[in-house]
Amino acid sequence: MAAVREIADVKSFEEVLNSSGSQLVVAHFSAAWAPQCQQMNEVLEELSKDTQIAKCHFLKLEAEDLPELSEKYEIAAVPTFIFFKNKSKLDRLDGANAAELTKKVKTLSSLSNVPVPTQQPIKKQDINERLKMLVNSAPVMVFMKGVPEEPKCGFSRQLMQILNERNVKFSSFNILEDEEVRQGLKKFSNWPTYPQLYANGDLLGGLDIIKELIESGEFESQLPEQVKLEDRLKSLINKAPVMLFMKGDRQTPRCGFSRQVTALLVETGVQYETFDILTDDEVRQGLKKFSNWPTYPQLYVNGELVGGLDIIQQLKESGELENILKEGQ
């Protein structure tokens, strides 16, 4: 019997589903920071050694690192277990319940002839809306091949060197990971190549233009005033009375946690704004320390942290959420 296997990407997950046939696949959506997830991983390890259970595939997936899968399977909190057979979703279990998990594994592993469920189409966000949001997601925004620490082309590498030598704070988007953005931004900006550098949402140009601006002494004057990260974070959380930092935006949440929170906020009817932390790694990492809250989404009202999904759900159930949100109106 195989031990629990860690899944790091969507492709590996799909390979397991496609090759498992009639064997049960148990996918544990977890988080490294949650002790209850570690406890349930230990339960899975014991189940994997039980010779009385038909052969199963036990998987562990970091929910926050796999937003596509978390959204697809509506992962709202951890731990959550999704059960598959013949590439079909059979059942799910929310929460750390060792007895129920054991019961489901024993029961579902013996089932056969599982029907294939129909999938609902996913509504896609308008590409121009998304691009407008992306180019305005940071004061200085670079669309490049690769990431700043590992550029994937010589032009991107040269631009990184230029920005770093001048201590320019910037955020970046790896166009190699999103073909829709890669092709769409060419038309949106009327600029056919990469990298592309934006300042306050306006295109400055590619590498050649940036070099020309540097030679003429105009480059620094084209950039917005550099702001300390702490000051920027304070400005962002106070950008609107009710502010949600999430993966994606309200039209297209990019993880199950974010999608669940936006659904709860819509139910209240309260106006709110969002910030997509996937577009700005400086904010994504910095806000965790600033707020002393390790996960996303994060909800703020009048600049004060309310909490993440679990807290918001508790406030909704107690009837307090609407009152707290209305304080920001």
Test item: S109 side-chain N/O and V105 main-chain N/O as donor-acceptor pair under 3.5 Å | yes
Got a donor-acceptor contact below 3.5 angstrom from the S221 side chain to the E218 backbone?
-> yes
Parallel, tilted or perpendicular: which fits the ring planes of Y73 and F29, with parallel below 30° and perpendicular above 60°?
-> tilted
Heavy atoms from other residues, nucleotides or ligands near CD of E273 exceed 12 (cutoff 6.0 Å) | yes
Does the side chain of P139 reach to within under 4.5 Å of the side chain of N200, using non-hydrogen atoms?
-> yes
Passes salt bridge (charged side-chain N to carboxylate O under 4.0 Å, His left out), E230 versus K234? Steps please.
-> CA-CA 6 Å; E230 183 175 346; K234 289 180 180 178; 3.4 Å; yes
Within the distance-only criterion (no hydrogens, no angle test), does the side chain of S216 pair as donor or acceptor with the backbone N or O of E212 below 3.5 angstrom?
-> yes
Looking at residues at least two apart in the chain, or sitting in another chain, which of them share a side chain to side chain contact (heavy atoms under 4.5 Å, CB included) with N18?
-> E14, K87
Near E68 CD, under 6.0 Å, is it more than 12 heavy atoms from other residues, nucleotides or ligands?
-> no
Taking S258 for its side chain and R254 for its backbone only, find out whether a donor-acceptor pair lies under 3.5 Å.
-> no
Is R182 paired with E177 through a side-chain N to carboxylate O contact shorter than 4.0 Å?
-> no
Under a 4.5 Å cut-off applied to non-hydrogen side-chain atoms, are L299 and I311 in contact?
-> no
Please test D280 against S137 for side chain to side chain donor-acceptor pair (under 3.5 Å), starting from the C-alpha separation and ending with a verdict.
-> CA-CA 7 Å; D280 194 318; S137 60; 5.7 Å; no
Quick one: OG1 on T252 to CE on M133, what's the gap to the nearest 0.5 Å?
-> 8.0 Å
If you look only at distance, which donor and acceptor atoms sit under 3.5 Å apart when one is on a side chain in residues 33-40 and the other is two or more places apart or in another chain?
none

Verdict with supporting geometry, L44 and F81, side-chain contact (heavy atoms from CB on, under 4.5 Å) = CA-CA 11 Å; L44 289 182; F81 300 87; 4.0 Å; yes
For L108 and K85, the nearest pair of non-hydrogen atoms, with its separation, is O-NZ, 3.0 Å
d(Y194 OH, L207 CG) to nearest 0.5 Å is 15.5 Å
K247/D276 ion pair, N-O < 4.0 Å = no
Please collect all ring pair (Phe, Tyr, Trp, His ring centres under 6.0 Å) contacts where either partner lies in residues 132-168, sequence neighbours excluded, each pair once.
-> F143-F173, F143-Y198
Going by distance alone, is a donor N or O of one side chain under 3.5 Å from an acceptor N or O of the other, for E64 and S70?
-> no
Answer whether the closest heavy-atom distance between the side chains of L163 and I210 falls below 4.5 Å.
-> no
For atom CD of E6, is the number of surrounding heavy atoms from other residues, nucleotides or ligands below 6.0 Å larger than 12?
-> no
Decide yes or no for L59 and V26: does some side-chain heavy atom of the first lie under 4.5 Å from some side-chain heavy atom of the second?
-> no
Got a second to check how far I53's CD1 is from E46's CD, nearest 0.5 Å?
-> 10.5 Å
How many angstroms lie between OG in S318 and CD1 in I324, if you round to the nearest 0.5 Å?
-> 7.5 Å
For the residue pair N302 and N238, establish whether any side-chain heavy-atom pair is separated by less than 4.5 Å.
-> no
Inspect the contact between R284 and E282 and indicate whether a charged nitrogen and a carboxylate oxygen are less than 4.0 angstrom apart.
-> no
Report the distance from atom NZ of K104 to atom CG of L24, rounding to the nearest 0.5 Å.
-> 11.0 Å
Is there a donor in the side chain of E179 and an acceptor in the side chain of Q183, or the other way round, less than 3.5 Å apart?
-> yes
Indicate yes or no: does R130 engage D178 in a salt bridge with an N to O separation below 4.0 Å.
-> yes
Indicate whether any N or O donor in one side chain lies under 3.5 Å from an N or O acceptor in the other, for T274 and D249.
-> no
Mind checking whether K60 and I7 have side chains closer than 4.5 Å, heavy atoms only?
-> no
Does any non-hydrogen side-chain atom of Q298 lie less than 4.5 Å from one of M246?
-> no
Mark yes or no for whether K145, through its side chain, and P151, through its backbone, hold a donor-acceptor pair below 3.5 Å.
-> no
Does the salt bridge (charged side-chain N to carboxylate O under 4.0 Å, His left out) test come out yes or no for E220 and R166, once each step is laid out?
-> CA-CA 9 Å; E220 277 75 9; R166 287 159 178 77; 3.7 Å; yes
Euclidean distance, I75 CD1 relative to L61 CG, rounded to 0.5 Å = 9.0 Å
For P253 and T262 the tightest heavy-atom approach is CG-OG1, 3.9 Å
Linking I/L/V/M/F/W/Y whenever any side-chain heavy atoms sit under 4.5 Å apart, do I162 and V147 land together?
-> no
For atom NZ of K288, is the number of surrounding heavy atoms from other residues, nucleotides or ligands below 6.0 Å larger than 12?
-> yes
Pair Q161, E165: side-chain N/O donor-acceptor within cut-off below 3.5 Å | yes
Taking the side chain as every heavy atom from C-beta outward, state whether M141 and S172 have any pair of such atoms under 4.5 Å apart.
-> no
Only residue of W293, F290, F275 satisfying ring pair (Phe, Tyr, Trp, His ring centres under 6.0 Å) with F245 is F275
